[in-house]
2 protein chains.
Amino acid sequence: MQRKGASRRRGEALELAILEAVWAEFSELGYLGLTMEGVAKRAGTSKPVLYRRWSTKVEMLIACIANRIPQAESVPDTGSLRGDMVALLTVARERMSVIGQTAMLGMLTEVSKDPEAREVLLGGLANELVNMVYQVIYRRSIERGELTEEQLTPRLLRLPTDLARNEFLLFGTISDEAVTSIVDEVILPALRARGASV
Amino acid sequence: MQRKGASRRRGEALELAILEAVWAEFSELGYLGLTMEGVAKRAGTSKPVLYRRWSTKVEMLIACIANRIPQAESVPDTGSLRGDMVALLTVARERMSVIGQTAMLGMLTEVSKDPEAREVLLGGLANELVNMVYQVIYRRSIERGELTEEQLTPRLLRLPTDLARNEFLLFGTISDEAVTSIVDEVILPALRARGASV
DNA sequence: ACTGTCAAGATACGGCCCGTATCTTACGGA
DNA sequence: TCCGTAAGATACGGGCCGTATCTTGACAGT
């Protein structure tokens, strides 16, 4: 289409240019306004080039986001479980804000038909946070002697991320008040009742 | 379009026939397959008739669901907070299953642009369950002397519904295991840590 | 019974985007 | 240099959108 004088791109250079265009379109028009045609035009390429790589818009967007949010930044060691947890939820909020409410809902929608795709999505983005809960925050707390391994369950590991996600899917944002009430009224009490001294 | 010999419907009779058609289309084709054109054809009417009532597909579906799920059945009194809570989550699961994962995501998507519409959706369907938590389950528990009013917070009232919704939005279903782990590892412990004897 | 009003119902339209098929053309490796 | 492969352009049928227009039936008031 465009790029008349330029040389023909291939491989990774092309792919990055496309993902760049995906992000630009997504940022300007939002998830609903994101179209294959628009991306192709913006990237100076054509639809078949996109469909050779991704078969749906969401798949493409997931690739784009995975490319933009490579690694989760670590959570600072605040010295207390409460502080760490607040910091984690803040990180979660920022990561979700980058994606946006509509896009998250859209991804879940696409992925709801295909359990395998769900694994990719949840395993890739959400589990990163869940793992951080377990491998960083709770581990620090165990080392401080506040928790024991046995007091933790898979459900408790998921809990912070689940509540943050729910809040974000409903309201498109996570207020400071939401963060503190989640931590102080749910997470910490649930741990205490299992014997933790947090 | 169709209904050649029949008399022309008006008002409520027409409206109910349309909502019937919405439900039929939705059940057969799912949320993504639901279209204004399809509904119009199935109801034996035409698109303008639909657009005179609802401006979007979701708005129409919400009206349909509100019509189909009028009142929440009450939760049986099992004699214990744990039993009541399990029963509530089971009711929540059934209500959500009727709607379906994709439709719930779709509704949230449409509603994400319009805070006012969100109030309608959440206030109408979700709050029904939240109110049941407060006005039925917790109240019974308070009467049994297990809880006091002061131990409850808005966040704790929302908690059961929030966790159920999150589970359903992610997986499209709420397993028995999910129900019990939510109750036994999160909700009850969180209450106990605040002084409840449940 | 007559008539005016209003919504039902039918149809058609431009538009957007989908997903794919086809063809030419450039790149890059052997 | 030649050849395979993928880029890039284009065109297509199709579906659904949302709206404008028109006719016709139902109902109410007199």
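Reminder, nothing fancy here: chain letters follow the sequence lines and each chain counts from 1. Any value given below was found using the heavy atoms of this structure, including those in side chains, with hydrogens, waters and symmetry copies removed.
The salt bridge (Lys or Arg N to Asp or Glu O under 4.0 Å) check on B:E185 picks up nothing, with sequence neighbours excluded. With sequence neighbours excluded, the residues that form a side-chain contact (heavy atoms from CB on, under 4.5 Å) with A:V130 are A:N127, A:L157, A:T161.
Contacts between residues 56-64 of chain A and DNA chain C, defined by a heavy-atom separation below 4.0 Å, involve no residue at all.
When rounded to the nearest whole Å, the span between OH of B:Y51 and C1' of C:dA8 equals 17 Å. Rounded to whole angstrom, the span from the NZ atom of A:K41 across to the P atom of D:dT10 amounts to 12 Å. Computed from coordinates, the B:R42 CZ to C:dG9 P distance equals 17 Å when rounded to whole Å. One atom, CD of A:E12, and another, C1' of C:dC27, lie 17 Å apart when rounded to the nearest Å. Rounded to an integer number of Å, the gap from NZ of A:K47 to P of C:dA21 is 13 Å.
With distances taken from any side-chain atom of B:T35 to the nucleotides D:dT19, D:dC16, C:dC18, the minimum falls on D:dC16.
Every pair passing ring-ring contact (aromatic ring centres under 6.0 Å, His included) that includes a residue from residues 8-44 of chain B is listed here, sequence neighbours excluded: B:W23-B:F26.
When only modelled atom types and interatomic distance are considered, A:E37 and A:T35 share no side-chain donor-acceptor pair under 3.5 Å.
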Each nucleotide N or O in nucleotides 5-7 of chain D that has a protein N or O under 3.5 Å away: list the pair and distance.
| residue | atom | partner | partner atom | Å |
| --- | --- | --- | --- | --- |
| D:dA6 | O4' | A:R10 | NH2 | 3.3 |
| D:dA7 | OP1 | A:R53 | NH1 | 3.4 |
| D:dA7 | OP1 | A:R53 | NH2 | 2.7 |
| D:dA7 | OP2 | A:R52 | NH1 | 3.2 |
| D:dA7 | O3' | A:R9 | O | 3.2 |
| D:dA7 | N7 | A:R52 | NH1 | 3.3 |
| D:dA7 | N3 | A:R8 | NH1 | 3.1 |

Side-chain atoms of residues 186-198 of chain A: list all donor-acceptor pairs with protein atoms under 3.5 Å, sequence neighbours left out, distances to 0.1 Å.
| residue | atom | partner | partner atom | Å |
| --- | --- | --- | --- | --- |
| A:R192 | NE | A:V198 | O | 3.1 |
| A:R192 | NH2 | A:V198 | O | 3.1 |
| A:R194 | NE | A:Q151 | O | 2.7 |

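Along DNA chain D, the nucleotide closest to A:P48 and the one closest to B:L34 are compared, and the more 5′ of them pairs with A:P48.
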